[in-house]
Amino acid sequence: MNYYNVLFNIALSKSFTYKSTQNIEVGSRVLVDFNNRKKVGIVLEKTTQINIDDIKEIKEIISILDNKPVITEELIKTINFASYYYLSPRGLILRNALPSKAFSKEPINFEKNSIKKQINHQKFFNLNDEQKKIYESIDLKIFNVNLIFGVTGSGKTEIFLHLIRDVIEKGKNALVLVPEIVLTNQYKRVFEEKFLYTVGVYHSQLTPKQKFLEWLMFKKQEKRVLLGTRSAAFVDLSDTGLIVVDEENDDSYKQENTPSYNAKDLLIYRAKQLNIPVILSSATPTVETYYKASITKKFKLFKLNNRINNCELPVIEFSKPENNLLSIKSQEYIKKSIEEKQTCAILVNRRGFAHFLICGDCGYIFRCPNCNVSLVYHKKTKDLKCHFCESSFEIPKKCPNCSSYNIKDVGTGTQKMEEFLRENFGNINIARLDRDTASSKKNAYNIVSNLLDGKIDIIVGTSMISKGYDIEKINLVIISNIESIFALPDFRADEKCVSLIIQTAGRSGRKQKGNVIIESKLPSRLENFIINHDYEGFLKEEINLRKSLNYPPFSHLIRILSQNTNEKVAKQNIQQCFEILKNSGFSFLGPTKCPIDKIKNKYRYHIIIKTNDIFKTLHFITAELLDKNLNFDVDPISFF
DNA sequence: AGCACGCCGACT
DNA sequence: GTCGGCGTGCTC
């Protein structure tokens, strides 16, 4: 009789021992009886050590579902590591690692259909000298991490397209991570010109069946390039020869809720196990990445200083709006842009606590009763929405505090901006790109198509518009409400602000010299770096700042969160955590109320640990603090 | 995650 | 008396 440890996709780290007369490969899907229900599990390992005392009965595996394992030993190792590092149940990592259909009882057909032509060589542009040098310097044979740090429009994509071609010619796959779902579709067009029918996409907007098929085709090598968002970090990489993380600075690679893994970091871990190269690409790399590339030399640093066609970088100016949504200067620039039949992009920053209804008489702010965040006014649906719990509320006619009818909305939403433009510029084509309009696939696709075809005069959007769209006709970019980033309780606020501006500015003037107007006054230290397009200078100064404060990359943070519908319980749990940490010798902040102290009716308290020995700290937490009604966020990027 | 078990409040 | 609320604990 053989014994196997089986893992389920439930919120548990524990695996369960089952027996079978058959020889089963590690990574196979099996059907077993679990708590009197039939359940699909994954065989993690063969085992001989069984504590008969702990286990009442060892049940027999009902059946092996497929003729091949569904995950590799390398992925099992990755799941174990991710569970340990991110202090999350292994079963939850497993759930994130496979498409949901892999947990249904249907057998998987691993038979491979043959594919014909994979590369269209005519569609590759010639690399310029700067690009060529980088292309030739990147070693595809072994594990190494390469940062391509290039201004927007310098042709970073073209470099990795050439490298992917080489990888495919060697019979290997390539994985490309992008930050937004809309980008997978935009990239697909570009990639399919070159790699024909072998380009797959993988993200959460696919139907369960589509997602499963894309996952399977990449695994079987019917698809050779996969364009995916965060969850693609767990796809089968056994035949993969190159991993690209595009816009590596983007926050979306970090999952906000449990398991709060970082796809970029996990892929570097996997690449090391698999001995394959990684490319991180960005116009505004994170302080952490830049530090590893320039100071500790763990990564290789490649810089692209010139834009393709030697197009000049845009002129960046600051101008504070007088009394309106946009300053007179911006309005004049917009007028000119419309007359010249160019596209103008307006970024309305949504981060922070910026837009709310306020009583003009007593200052009462309308907040979500469940989440204690200000409600956002949505004109189209004529309601107030909570962006945390999605509930919507009727617009109150008068202030509940002082009964005044003088209710005003403060802050600039994308909708309000759209309306302002329609009132002031008359009959023009305005498109809006934000989480609301991009939520349906068709809609997002239409907006992007219209943009690319030059049918739009003004595009208004959130930070989504700053991510990678190559729109030639944009030569005016206006950035509004950026200062609200500083309202965030975040040591990365300066970095987020400068990087968002530089990235959005990069949308401007891809064909001819463009203009960028920032509708805020920033600290002059930051304004100087921005005007001079000196992101590297900013990074260097920021590294020193982080060092003096012992912030990442010089330390690791771990955020411990206690949430409960009962405020007393939430408080008690964080207090209990505090008592354990108090004598541990680790330095930490708190416990304090979270900046947003109530979300979805749950009261929130947190403690933030700062450590220079992450593994020692993880070990301590694993031993002392797990299963105490606490949530953990290792290397957090958000501190709400 | 489910599902059973178990101990207190509001009904027939 | 008992129906049912959801807190706690277990699943090889």
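Just the heavy atoms: all of them, side chains too, but no hydrogens, waters or symmetry mates, feed the values below. Chain A is the first sequence line, chain B the second, and so forth, proteins listed ahead of strands; every chain is numbered from 1. Because the structure is predicted, anything quoted here is derived from the model rather than measured.
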If you draw a 6.0 Å radius around CD in A/Glu106, do more than 12 non-hydrogen atoms from other residues or ligands fall strictly inside? no

Length of the line joining A/Lys38:NZ and C/dT11:P, which is rounded to integer Å: 20 Å

Distance check needed: C/dC12 P versus A/Met1 CE, whole Å only. 16 Å

Tabulated below should be each protein N or O lying under 3.5 Å from an N or O of nucleotides 1-3 of chain B; please produce it.
| unit_1 | atom_1 | unit_2 | atom_2 | d |
| --- | --- | --- | --- | --- |
| B/dG2 | N2 | A/Asn35 | ND2 | 3.0 |

Calculate the interatomic distance between A/Lys59 atom NZ and C/dT11 atom C1'; express it in whole Å. 8 Å

To the nearest Å, how far apart are A/Tyr18 OH and C/dT11 P? 11 Å

Measure the acute angle between the ring planes of A/Phe615 and A/Phe81, then classify it against the limits of 30° and 60° as parallel, tilted or perpendicular. tilted

With sugar-phosphate meaning primed atoms plus P, OP1 and OP2, does A/Lys14 contact a base, only sugar-phosphate, or nothing at under 4.0 Å between heavy atoms? base

Rounded distance (nearest 0.5 Å) linking atom CZ of A/Arg29 with atom CZ of A/Phe103: 9.0 Å

Can you tell whether the side chains of A/Lys223 and A/Glu214 come within less than 4.0 Å, N to carboxylate O? yes

Can the positive tip of A/Lys254 be found less than 6.0 Å from the middle of the six-membered ring of A/Tyr261, inside 45° of the ring normal? no

For atom CD of A/Glu57 and atom P of C/dC10, their distance in whole Å: 17 Å

Just how far, in rounded Å, is C1' of C/dT11 from CG of A/Asn5? 15 Å

Taking 4.0 angstrom as the limit, do A/Glu74 and A/Lys77 come out as a salt bridge? no

d(CD1, A/Ile61; P, C/dT11) in whole Å: 18 Å

A/Asn573 CG to C/dG7 C1': how many Å, rounded? 14 Å

